[in-house]
Amino acid sequence: MQTSSKTPLILGNWKMNGSLADNLGWVTRARHQLEKQPVHHVTLGVCPPFPYLQSLRQILPAQIALGAQDVSSECVGAYTGETSAAMLKELQCRYVLVGHSERRARLAETDGDVARKFRLAKHAGLTPVLCVGESQTERDNNETTQVITQQLQAVFELCGPEGFHAGVIAYEPIWAIGTGRTASPSDIEAVHGAIFEWLGKHQIPEASVHVLYGGSVKAENSADIFALEGVDGGLIGGASLNAGSFIDIARSANQTAQLAEPLAFARKSL
Ligand code: PGA
C-alpha cells in the first residue's frame, strides 16, 4: 500500500458464524470503538451470513458497508436455495465475495461459475470481490502465478477489462486461510505484483482496482502486511468476528494510509 494513494479497503468475512445476539454485540462494540476514536482513511465492510443481512443493514454504523459471501450464477427462477444479485442489491449490499476458495474447493465452483457470478453482481450494481489463490501443492509445484492468472482470465473473458473497473481482487493463499500461517512478505509482494502486471497487460488501470490480501490476518500482523507494496487492504476471516480486533485491523490500515499520503504526494511532485 505504501506507494498507492488508494483508500484501503478492509472487509470482514464472517463465514457461517454468529447469531442475532452476537451480531448485536458486535455492532455495539464496533460503534463504540469508532466513536471513541474515528478511523477516517479506510473503507470498511462486513459480509455476514445471508439470514442476517436484513437486520444488520438496519443497525450497522454508517461507515461499515454491507456485503454478502456469495451470489447465484443465475438471474432468477427455479434455483432452490440460491440468492440473486438483485436481491442482494435490494438489501443494500455493496460488496459480494465471489469464488472464495472454500466454495471453489468444497462446493466445486468452477472458474466459469465464478465468472458468471461476477458478471451478474457487477450488472446489479454490486462490487464483486474476486477471490483468487493457490493451494499448497500448487505453490510447491511453482504454479502460483499460473493458477491465479487462470482465475483472473476466466472473469476477463466474460466481462472484459471494464468488468474490473473499480473492482476488488482478494489474493488468499488457500494454505493461509484459517491456519494461522500468513504468507511471507516477499510472497505477498510477488503475487500482488503479478496481479498488477496481469492488469497492466490487459489494459486495466492499476489505480482502479484494489488488491487485498487475505489469510490469517490479525491485529498483530496487519500493520506489516498493509505496509507491503501492492497491498490495498485485507479480507479478514476469523479476526473479523471480534469487533475490537476488526477495528484494530482497520486502524493499522488507517495508519499506513496516513503514512503513505505524504509519500504519494512527494512522488507526484517529483
Ligand atoms: P482467515 O480467513 O482470516 O480466517 O484466515 C480469510 C478468508 O477466508 O477470507
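As the structure lists them, so they are numbered: ligands from 1, and atoms in each ligand from 1. All of these numbers come straight from a predicted model, not from anything done at the bench.
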Using a 4.0 Å cut-off to any heavy atom of [X], which atoms of ligand 1 qualify?
X	value
Gly237	1 (P), 2 (O), 3 (O), 4 (O), 6 (C)
His100	7 (C), 8 (O), 9 (O)
Glu172	6 (C), 7 (C), 8 (O), 9 (O)
Leu235	9 (O)
Gly238	1 (P), 3 (O), 4 (O)

Donor on one side chain, acceptor on other, Asp113 and Thr110, under 3.5 Å: yes
Examine the side chains of Gln258 and His40 and answer whether a donor and an acceptor come within less than 3.5 Å of each other. no
Proximity flag Ala176 to ligand 1, non-hydrogen atoms under 4.0 Å: yes
Check if Gly215 has a non-hydrogen atom at a distance under 4.0 Å from any atom of ligand 1. yes
Kindly confirm or rule out an N or O of [X] lying under 3.5 angstrom from an N or O of ligand 1.
X	answer
Ala239	no
Lys15	yes
Gly178	yes

For residues Tyr52 and Trp14, establish whether the separation of their ring centroids is below 6.0 Å. no
Check for me whether the distance between the ring centres of Phe118 and Phe164 falls short of 6.0 Å. yes
Heavy atoms from other residues, nucleotides or ligands near NE2 of His165 exceed 12 (cutoff 6.0 Å): no
Check whether more than 12 heavy atoms from other residues, nucleotides or ligands sit under 6.0 Å from atom CD of Glu90, and answer yes or no. no
Is there a donor-acceptor pair under 3.5 Å between the side chain of Arg139 and the backbone N or O of Pro173? no
Using the six-membered ring wherever Trp is involved, compare the ring planes of Phe246 and Trp26 and label them parallel, tilted or perpendicular (cut-offs 30° and 60°). tilted
Note: Asn13, heavy atoms under 4.0 Å from ligand 1, region reported as side chain
